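All remarks here apply to the structure that follows.
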Amino acid sequence: MADETSDRRNQARIKILELANMISVPMSLNAAVRLKVPDAIWAGGSNSPLSASQILAVIRSSSSSSSGGDPENLQRILRMLASYGVFEEHLVGSGERKYSLTDVGKTLVTDANGLSYADYVLQHHQDELLKAWPLVHEAVLDPSVEPFARANGEPAYSYYGKKPEMNVLMLRAMSGLSVPFMRAVLDSGYDGFAGVERLVDVGGSAGDCLRMIMGKHPNVTEGINFDLPEVVAKAPSIPGEILMSSRSDRHFPV
Ligand SMILES: C[S@@+](CC[C@H](N)C(=O)[O-])C[C@H]1O[C@@H](n2cnc3c(N)ncnc32)[C@H](O)[C@@H]1O
């Protein structure tokens, strides 16, 4: 064993402490999203550095209780996420700390269509998903039941289908994720859709990708959103699209 006082061993101990406490990072992110901190700082595009007290005042002004709260606890969350590049910390003259959004943080700001990556964060931190994580080791010992099903009694997508609020959050999370990606693909000059007349999106969720592709490429005259019946039922209709639901009981990874 190496010398316990060596820099290498000290770094190793610090690293394992960091890993053991890593859950504090996504849970702080989840807390910031739940509190709508990114929208509070963004304030319609200003992104001016605000202190924890100022952010709390904005959050409180749009909630039923306009006072109270603990800016110190909010500052702990902000500092944690600043160290992971979500917020930028500004030390102002008096020693006060203020926070603005980095490019990473801006992905959490609600856009003109009501979309952002915030729903993706929320979707991944629902109680049902969190209950599955401590069971990951069981997937090694007995892979016949996936951790989500072990924790919740059935596989994720059939479970979502029975819980309207989870189904809708999943749709919103996927839209928030896919719309900016597809916009980037289409704006990049990608020509893979040239000459395509019928396009099937397997697991197309709300149909955003189909809608955007068909809007840009009139040659695609028939789009088929192949997804689960409860998902297709909630998806907005698109002219020229055939909404097709899966009748498969088998839940394949998409
Ligand atoms: C990760 S999401 C994909 C989101 C979508 N491609 C987008 O860009 O927004 C996976 C999708 O697969 C769908 N899915 C899961 N199991 C399915 C099945 N057996 N048949 C059809 N769709 C399924 C889910 O309902 C969900 O919409």
Side-chain angles (χ1 to χ4, degrees), residues 26 29-30 33 106-133 136 139 143-193 196 198-217 220 222-254:
L29 183 64
N30 191 47
V33 168
K106 284 178 198 168
T107 65
L108 301 169
V109 173
T110 313
D111 71 11
N113 299 315
L115 297 176
S116 76
Y117 280 71
D119 287 315
Y120 188 80
V121 174
L122 295 177
Q123 199 273 329
H124 277 72
H125 294 89
Q126 297 172 102
D127 290 348
E128 288 84 348
L129 277 91
L130 294 182
K131 272 165 59 183
W133 282 107
V136 167
S144 66
V145 186
E146 64 198 71
F148 186 96
R150 201 178 284 280
N152 298 291
E154 59 185 308
Y157 283 116
S158 60
Y159 190 92
Y160 298 163
K162 291 175 187 151
K163 301 267 178 180
E165 67 288 355
M166 290 186 87
N167 193 24
V168 168
L169 182 57
M170 179 73 185
L171 279 159
R172 287 184 56 80
M174 290 303 111
S175 296
L177 182 81
S178 301
V179 169
F181 265 121
M182 187 47 71
R183 193 176 297 130
V185 169
L186 294 175
D187 290 351
S188 74
Y190 174 73
D191 65 359
F193 300 111
V196 174
R198 175 190 286 168
L199 187 63
V200 181
D201 191 348
V202 178
S205 191
D208 295 295
C209 293
L210 268 184
R211 176 175 48 78
M212 294 171 79
I213 295 165
M214 292 171 79
K216 172 130 188 184
H217 297 277
V220 182
E222 187 182 349
I224 297 171
N225 183 11
F226 183 85
D227 209 299
L228 297 170
E230 55 278 5
V231 173
V232 167
K234 291 277 179 198
S237 66
I238 306 167
E241 180 206 31
I242 297 172
L243 286 176
M244 181 169 149
S245 59
S246 161
R247 269 177 249 133
S248 161
D249 287 336
R250 200 166 149 255
H251 291 270
F252 54 83
V254 183

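Everything numeric here is computed off the predicted structure, so don't read it as measured data. Side-chain atoms are counted along with the backbone in the values below, which use heavy atoms only and exclude waters and symmetry mates. Start at 1 and go down the list; that is how both ligands and their atoms are numbered.
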Are any side-chain N or O atoms of [X] and backbone N or O atoms of [Y], one a donor and one an acceptor, separated by less than 3.5 Å?
| X | Y | answer |
| --- | --- | --- |
| N167 | E230 | yes |
| K234 | L171 | no |
| D111 | N113 | yes |

Within ligand 1, which atoms have a heavy atom of [X] less than 4.0 Å away?
| X | result |
| --- | --- |
| S178 | 7 (C), 8 (O), 9 (O) |
| S205 | 4 (C), 5 (C), 9 (O), 27 (O) |
| C209 | 8 (O) |
| V231 | 25 (O) |

Given L177, D227, L171, L228, identify the one with the heavy atom nearest to atom 27 (O) of ligand 1.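 It is D227 that holds the nearest heavy atom.
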
When you look at E128 and Y160, which way does the side chain to side chain contact (heavy atoms under 4.5 Å, CB included) test go after all the steps? CA-CA 10 Å; E128 288 84 348; Y160 298 163; over 6 Å; no

Mind checking whether D208 has a heavy atom under 4.0 Å from ligand 1? no

Can you measure from CE (M182) to OG (S175) and round to the nearest 0.5 angstrom? 12.0 Å

Around atom NZ of K131, are there more than 12 heavy atoms from other residues, nucleotides or ligands closer than 6.0 Å?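 More than 12 heavy atoms, drawn from other residues, nucleotides or ligands, come within 6.0 Å of this atom.
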
Is M170 close to ligand 1, meaning an N/O of one under 3.5 Å from an N/O of the other?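 There is no such contact.
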
